[in-house]
Every structure is written in structure tokens, then in C-alpha cells.
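All values derive from a computational prediction rather than experimental measurement.
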Amino acid sequence: MTSAALLLLREGKPIMMINSLLIIDSFLMTGLLSIIGLRLNGLLKPTSEEANWAAWGLTLLVALAAAISVLGRMSPEFVLRTSLWALHNALSPWIWIFAFLMTNLSFTTAKRVRWFHCMAGGSLLGIALLTTMLHASGIKLINYSQVYSFQGYYRPHGILFTPLEAGLVALLSWAWGLGWGVQQGWRRVAGLLLTGLSTAVVYLTFSRSAWLGLSVALLVGFLFARYQKALWVPLWVTLATFLLCSVGLPLGWQRGVYAAQGDPSVQNRLELWMQMPSHLIRYPFGITEVYSDTIEEYMAAGSTVNFYLDIGVQYGILPLVLLLGIVSVLGWRVMKCGKHGMPVGLWGLGVIATVVCLVFMNPIADSLAMALLGGFWGMVSAMEVKPHEPPRLHPD
């Protein structure tokens, strides 16, 4: 629910007015997702000047939200005392969409912004990986109020909100490693190192959703390697690194087995997901925690721990359908290009990994993770090419 709706509720305003605000949120999400859909299908083509202004404007919004998100973990008292947190909460639901559009525009039309996005995205991924590795070694740059552990092992996440977000972001850097690992010279060496480091971070977070995403992407990658032989080496580096981490820290597999032995977090997810049809029927424009009538609805409105279902629960049926359509189109393009040995297929393995990972998590509370995710998807969407034609773009 928007902050305006919450204020109206506290002041005792009519429920009808609050419901209207929920409908507005639903239509706003529908409109933004429709813009992404039009861009993916080539039906929305702004001029270079329009795209340049839009890309820079969206970049400023995304950078502001991501900065507040990180600052909120480094100095929460300062952020809560100011209006920054309210601003962050207002922006956070839309950050991944803004990041998707700004990067898509910069890689297709507003090329003057492209260099900045590559440098900023790559630097943030590197910082996220480095701080997560430092966190795993016991060096914490941020004193978190909540600690994530399993049988005495403290799961690292660096500057990111939880180990789930750290695992998700590591999947993105893994895809960058693949994209560089098939090239020549220093980029090949750097790419292979990044591939191994990213895989190790995915393992160290003990994020089962990230593990599953990496596994599915790895299987698809072996299919793509039949058409692009250079891909074999980074894929084997990925597999070898994961196996070495498993031998050095076998506790991770015990947590994986725990999921199949009545893990409460898994059971809660399944119970919330089964309630999804009834939620959509009762609330076609979405619900929120404050507007819910039962504890089950309250929990689902907070999060079903599923990025896609959360969009449906909180914004309604149409945004859910549009989101699934966007993901399907993007995934289909990745598969098509990967089978033709195109570079977009290699980078798109990160899309496949994150699409699977998001089935079991929702990183909406971490604007930095959402900015990196949306930006990566936007970059890959801009790399789409036709079979048997040279790639138009090289995001390296």
C-alpha cells in the first residue's frame, strides 16, 4: 500500500478511498510493465533525444534508491530520522522496472549512457561479491541487527540485505564471468576468475533458490556449449568450483536436505502459494497487509516469498499476467539465441538463473539487488538479434 493510503487509514478515511488508491497502484504497475512489453516487442521506439533524457532520469531515481538502501544498513538511525526511508519505500516497488528500462534504452538508443551503466553495474557487482567474501571470512563492514545462520554457520551477504539477495546478485556476476570467459586476452582470464568467484559466493550464501537457479542455468549452458565451444571452459570452472566448495564446506548440502525434511520455511511458502487463486479472485487489484482480513491474507500480502506471485497478490491479476509474459518472451529469446551460438545466449544464462531463483524469493526490500537485477535483464533484452546475423551490441 502507498504511504498515502496508510495515512488515510490512520485518519479514519473511507475504505472506498483506500481501495481506489490500491486500484491506482495496480494500474500504475500495469502501465509500467506494458511499457517493458512494448519495448521487448519493438513497438515503442523513442527518438534518441527522448531516450537519452529518459535513461538519465531513470538512472538518477535508481541510483538514489540504491544509495538509500545501502545507507540504511550502514546508518539506519540517520535514515529513519529523515524522510529518506519514506522516499525509498515509495520508489522500491518500481526500481527493477526503472533499471530495466534505463539499461534497455541506453543499450539500444541512448548510447551515451551505456558506458556509465556498464561501469556502475560492474563496479557494484564487484563490491557486492567482495563484501560477501569478506563477510564469509568474518570481516563485517556493516553491523546487521539480524543474523542468518545454519547449524552455527553464519551465512554471508556483505552489503546486501540477506544471503538470498547475495546469492541472486552472485548469479548476475556469474553471467558476466561467462560473457567475458569466452573472449580472448585479459578478459578471458578475468572472466574465468569472476566465474569461479561468483560460483563460490553462490555456494557460501547457502541460498537454495540461488543454487537451483545456477543448476538450471548450468544445464542449459551445456546445451548452448554444443553451439559455442568456448563456453565449455567457464561451465567446467563453475561445476568444479561448486564441487570444491561442497567438499570444503559440506554443511551446505545438509541445509539442502533439510528442505525436504519438513523445513518450516518451505512449508510456509507452499501454504501461501496454494492460497493464490482465492486471493486473485477476491482481490483482482491486489491487497496489502493493512487491508487484509485474515492472518493468511496478511502473510501473503507481506510476501509469498515468490517474486511473481507477490506481484499478483499485491498488484492484481493483470500485472501478474504481464510479468509472466515478459519473463517468457525474454527467456524464449535467450533460448533461441543460445541455440544459434550468439553472445546473448551466454549472458542470458544469468536471466535463466535469476528467473528460476525468483520463484523462491522476493528481493524487493533490497533496492541495490533489484537495480542490478532489472539492469541486467534490460541489458540482455537489448542484445536481442536475429538468427544468422551478427550481434548489434556487445555489452562488455
Side-chain angles (χ1 to χ4, degrees), residues 69-70 73 76 125 127-174 196-218 238-273 299 302-307 309-310 353-366 368-370 372-373:
S69 180
V70 175
R73 288 189 281 280
L125 284 174
I127 292 172
L129 285 180
L130 178 61
T131 55
T132 303
M133 291 295 290
L134 290 173
H135 195 176
S137 65
I139 302 174
K140 294 189 296 182
L141 302 180
I142 302 173
N143 290 320
Y144 292 95
S145 58
Q146 188 172 359
V147 177
Y148 297 84
S149 62
F150 178 74
Q151 294 186 9
Y153 171 74
Y154 295 99
R155 299 168 59 198
H157 44 102
I159 62 171
L160 296 160
F161 193 51
T162 74
L164 294 175
E165 282 81 15
L168 176 71
V169 169
L171 293 176
L172 301 178
S173 60
W174 173 74
L197 178 61
S198 303
T199 304
V201 170
V202 170
Y203 185 89
L204 291 173
T205 60
F206 284 9
S207 172
R208 294 167 300 197
S209 55
W211 285 22
L212 182 60
L214 181 66
S215 300
V216 174
L218 195 60
T238 300
L239 186 58
T241 303
F242 201 88
L243 291 176
L244 287 174
C245 290
S246 301
V247 173
L249 189 61
L251 188 64
W253 286 101
Q254 295 180 28
R255 186 169 190 270
V257 173
Y258 179 58
Q261 296 178 340
D263 183 350
S265 65
V266 175
Q267 298 300 320
N268 290 339
R269 283 179 174 89
L270 296 177
E271 290 176 7
L272 291 172
W273 296 354
M299 292 173 62
S303 178
T304 62
V305 202
N306 181 312
F307 176 68
L309 296 187
D310 276 351
T354 53
V355 162
V356 174
C357 180
L358 290 173
V359 174
F360 304 96
M361 66 169 294
N362 185 354
I364 194 72
D366 191 332
L368 177 58
M370 293 303 287
L372 291 170
L373 173 70

A.B. asks: Can you see which heavy atom on Arg155 is nearest to which on Phe206, and at what distance?
C.D. replies: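 Residues Arg155 and Phe206, closest heavy atoms: NH2-O, 3.4 Å.
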
A.B. asks: Give, for atom CD1 of Ile139 and atom CG of Leu130, the distance between the pair rounded to the nearest 0.5 Å.
C.D. replies: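 So the gap between those two atoms works out to 9.5 Å.
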
A.B. asks: Of the non-hydrogen atoms in Pro156 and Ala166, which two are nearest, and what is the gap between them?
C.D. replies: O-CB, 4.1 Å

A.B. asks: Might you point out which heavy atoms bring Leu251 and Phe150 nearest each other, and give the distance in Å?
C.D. replies: CD2-O, 3.5 Å

A.B. asks: Working to the nearest 0.5 Å, report the span between SG of Cys357 and CG of Leu164.
C.D. replies: 7.5 Å

A.B. asks: For residues Ser69 and Ala365, report the shortest heavy-atom separation together with the two atoms involved.
C.D. replies: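 Smallest heavy-atom distance, with atoms named: OG-O, 4.3 Å.
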
A.B. asks: At what distance, to the nearest 0.5 angstrom, does CG of Leu160 lie from CG of Leu129?
C.D. replies: 9.0 Å

A.B. asks: Which of these passes side-chain contact (heavy atoms from CB on, under 4.5 Å) with Ile159: Thr132, Ile142, Leu134?
C.D. replies: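 Checked Thr132, Ile142, Leu134 against Ile159; only one passes side-chain contact (heavy atoms from CB on, under 4.5 Å): Ile142.
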
A.B. asks: Tell me whether the rings of Trp211 and Tyr203 are parallel (<30°), tilted (30 to 60°) or perpendicular (>60°).
C.D. replies: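 Trp211 vs Tyr203 ring planes: parallel.
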
A.B. asks: Check for a donor-acceptor pair, side chain of Asp366 on one end and backbone N or O of Phe161 on the other, with a separation under 3.5 Å.
C.D. replies: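 Yes.
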
A.B. asks: Do side-chain atoms of His135 reach the backbone of His157 as a donor and acceptor pair under 3.5 angstrom?
C.D. replies: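 Yes, because the side chain of His135 sits within donor-acceptor range (under 3.5 Å) of the backbone of His157.
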
A.B. asks: Could you walk me through whether Tyr153 and Leu249 pass the side-chain contact (heavy atoms from CB on, under 4.5 Å) test, one step at a time?
C.D. replies: CA-CA 10 Å; Tyr153 171 74; Leu249 189 61; 3.7 Å; yes

A.B. asks: Atom CG of Asn362 and atom OG of Ser209: how far apart are they, to the nearest 0.5 Å?
C.D. replies: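 One gets 11.0 Å once the value is rounded to the nearest 0.5 Å.
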
A.B. asks: How close do Ala136 and Leu204 get, heavy atom to heavy atom, and via which atoms?
C.D. replies: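 Heavy atoms only, the tightest pair is CB-CD1, 4.2 Å.
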
A.B. asks: Among Leu214, Val202, Thr241, exactly one meets side-chain contact (heavy atoms from CB on, under 4.5 Å) together with Trp174. Which residue is that?
C.D. replies: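 In the set Leu214, Val202, Thr241, the residue that makes a side-chain contact (heavy atoms from CB on, under 4.5 Å) with Trp174 is Leu214.
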
A.B. asks: What is the distance from atom CG of Leu168 to atom CG of Leu372, rounded to the nearest 0.5 Å?
C.D. replies: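 The distance works out to 9.0 Å.
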
A.B. asks: Using only atom types and a distance under 3.5 Å, with no angle test, would you say the side chain of Asn306 pairs donor to acceptor with the backbone of Phe360?
C.D. replies: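 It does not hold such a pair.
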
A.B. asks: To the nearest 0.5 Å, tell me how far Leu358 CG sits from Ile364 CD1.
C.D. replies: 10.5 Å

A.B. asks: To check you understand the geometry: which heavy-atom pair defines the closest contact between Glu165 and Pro363, and what is its length?
C.D. replies: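 Closest pair (atom of Glu165, atom of Pro363, distance): OE2-CA, 3.3 Å.
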
